[in-house]
Number of protein chains: 2
Amino acid sequence: MTDTEAPLQKPALRGAGIREVARQAGVSIATVSRVFNDAEAVSSDTRERVVALASSLGYEPSPLGRNLVRGRSYLIGLIVPNVSFPLYGAMIHGIEDVLGSHGMSVLLASSHDAAATEVRAAQNILRHAVDGGIVINSMVGLALPTQRQSGWVHVTPEPPGLPCRVELDNEEGGRLAAMELLRNRHRHFAYVGAKGRESADRERGFAEVLRDAGFDYRRFEGDYSEASGMQAGAALLDGPLDAVFAAGDLMAAGVMRALHMRGVQVPGQVAVVGFDDAAIASLLYPRLTSIRQPGYLMGAAAAQLSLNFIRGRPTEPVIFSPELVARESTGPPSA
Amino acid sequence: MTDTEAPLQKPALRGAGIREVARQAGVSIATVSRVFNDAEAVSSDTRERVVALASSLGYEPSPLGRNLVRGRSYLIGLIVPNVSFPLYGAMIHGIEDVLGSHGMSVLLASSHDAAATEVRAAQNILRHAVDGGIVINSMVGLALPTQRQSGWVHVTPEPPGLPCRVELDNEEGGRLAAMELLRNRHRHFAYVGAKGRESADRERGFAEVLRDAGFDYRRFEGDYSEASGMQAGAALLDGPLDAVFAAGDLMAAGVMRALHMRGVQVPGQVAVVGFDDAAIASLLYPRLTSIRQPGYLMGAAAAQLSLNFIRGRPTEPVIFSPELVARESTGPPSA
DNA sequence: TTGTATGCGTTATCAT
DNA sequence: ATGATAACGCATACAA
């Protein structure tokens, strides 16, 4: 993939500069600059002349020069574990929208769920004089913003002390799942979780509601993969079971596949709730009830936080509430 | 979301500049520059002194100044319809890897499958003096690179005349699907397509192989959505049917759901092949046989093309071959 | 309203 | 091996 370093030929041929426009228009470069920053007053006469000449010469102010003199790049770095994960896609959408409406753009780098790659991604971004940055589910955590001044907002529950932070109320998510399952009069519950604080928070909420209703539950620890969900499904069938809450939709899919392979009806015999409301949730048989994270809004909030920071405004953590998306996997048996 | 335009406070506080480092080290700024571009020879004595002082002052060359004098931004614009779509995610991965290994970064903007948004995305990117650009499945087509000099590579089959282009051999994909279905001795075929050239190419290959084998097929036009796939499934059951090729995995999922709802066994009674090998393909019941696009490689190729263009090298279209990923939906009946 | 002049932080050329 | 110094393309304070 990496070929021998090539000659990187001289600066790409440039079009007319501000000087040439000024010369031909018979004005100073200051006036041309003013026209394009339409801040101060320019006589509509000269303005027209300059605009006409500029467009005929194909002139546009160079972002490079502008950035240098202004001391900013209008770039916000974004480190994301995996672009394809639907939740992150929604966040990116929100980030782009907010940033775009403020004249900023997204400099992307993926961490691919590995600490080493995340560090490389950060270095890649830091080479670019970004005005700020957003990191989704950082594995490196606080070690990141060390370089240069801070201004990085984290979208993750991990480092609880962080000032610039957007997170989901995972405990509430667990509560929602438990309530949905209780509503359908189940009795034998199970939680399929994973390592990390997110899963722990979800389980805490789940356990709390069940306890208050006088129920206990069994647990299985997976790793958010479908395979681990299948193991969970198989393992849990050893005992009485009629309701499963999985900390991720992929694991929920795995549980459902395991049940399906053993002829267990969903939701007839066992109800299943997932987490994230990924695109696959509505494509499974039956369609999967899930706890949705408001990804778009979380991304938008992160972007806004970043902008606030740049502008020197005080920032404080934003916490979002999840939402239950009820589908067939907890509803009445489907055809 | 858009608050009142804020004061955008003065240039972020800067650290020590090259001048300060030079002064304290008792050398000229030229020498400091040389140290950080370790191109020419600098006596290891002064080099050490400069490096030590720079790190103690927290100095790093400013990308802004460097970019200005070099006339490039080390940025490649990337316009993608939808970040979440797994195929595009794979492409982005490839793009990032190649670009990153050449010191370039990705400036991201999503088009969200709408022409208007794509144009906004392009404008957003063009504000940044990118050195080049990649656009995946452009809806605007050739209207895009008009502004500034070209240098944009397209990942799409749409404008066949484009010099900088990466595309998939969709016809071959259709052939692969037909061969897989023929291999399993089916007789009553159907194609579920959509508008656009991609679908047309896939159908052509599909039809060609079937014709050579002495078979005909029925057709249904959807729009790549699961819902349209369900309609197709329902409609096609009006006639004899034991093999379906859908131009997208979502439509294939819809077909399978429609069959499932009517008690038709897959693959026992009807075999199904999808396209793209999206993540959902391996999560469905049964797991879906699909035609995989080598997304990572296509992205990598696009990035390489873009780099070549920047370096003034000749570029020519790259065409990739799809690959059959055989799973349960065309295999023997599963448990 | 417009022009002059300075500086932004760096690289690169040409001396030395 | 190192130092002056001239760009790079623009914004802006100040003067007119």
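So that the names make sense, note that chain A is the first sequence line, chain B the second, and so on, each numbered from 1.
- Rounding to whole angstrom units, CZ of residue A/R70 and P of D/dC10 are separated by 12 Å.
- B/N37 places its CG atom 7 Å from the C1' atom of C/dT11, with the value rounded to the nearest Å.
- The separation between B/E60 atom CD and C/dT11 atom P is 12 Å, rounded to whole Å.
- The side chain to side chain contact (heavy atoms under 4.5 Å, CB included) test applied to B/S43 returns B/D45, B/T46, not counting sequence neighbours.
- The line from CG of A/L87 to CD1 of A/I92 is 10.0 Å long, rounded to the nearest 0.5 Å.
- Atom CD1 of A/I18 and atom P of C/dA5 are 16 Å apart (whole Å).
- In this structure, B/V27 reaches the sugar-phosphate backbone alone: every heavy-atom distance under 4.0 Å involves primed, P, OP1 or OP2 atoms, never a base.
- Within the structure, every side-chain polar atom (N or O) of A/N67 is placed at least 4.0 Å from both OP1 and OP2 of D/dC10.
- At the phosphate of D/dA11, OP1 or OP2 sits under 4.0 Å from a side-chain N or O atom of A/R66.
- Residue A/L64 is out of contact with every strand shown, counting any heavy-atom pair closer than 4.0 Å.
- Across the interface with DNA chain D, nearest-nucleotide mapping of B/S44 and B/G65 shows B/S44 to be the residue nearer the 5′ end.
- Residue B/L168 holds its CG atom at 11.0 Å from OG1 of B/T156, rounded to the nearest 0.5 Å.
- Of the side-chain N and O atoms in A/T46, none sit less than 4.0 angstrom from OP1 or OP2 of C/dT1.
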Extract from the structure each pairing of a protein N or O with an N or O of nucleotides 5-7 of chain D at less than 3.5 Å, listing the distance.
none

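- Taking B/D169 as the reference, nothing meets the side-chain hydrogen bond (donor to acceptor under 3.5 Å, both in side chains) condition, with sequence neighbours excluded.
- Under the 4.5 Å side-chain criterion, counting only non-hydrogen atoms from C-beta, B/V80 is not in contact with B/S111.
- Using a 4.0 Å heavy-atom cutoff across all strands shown, A/S33 reaches at least one base atom of the nucleic acid.
- Atom-to-atom distance recorded for A/D131:CG and A/R311:CZ is 10.5 Å, nearest 0.5 angstrom.
- Contact between the side-chain N/O atoms of B/T31 and the OP1/OP2 oxygens of D/dA1 is not found at any separation under 4.0 Å.
- Close to C/dC8, at under 4.0 Å from its OP1 or OP2, lies no side-chain N or O of B/S62.
- Defined by atom type and a distance below 3.5 Å, a donor-acceptor pair is missing between the side-chain atoms of B/T117 and B/H112.
- Here the P atom of nucleotide C/dG9 and the CZ atom of B/F36 are 15 Å apart, to the nearest Å.
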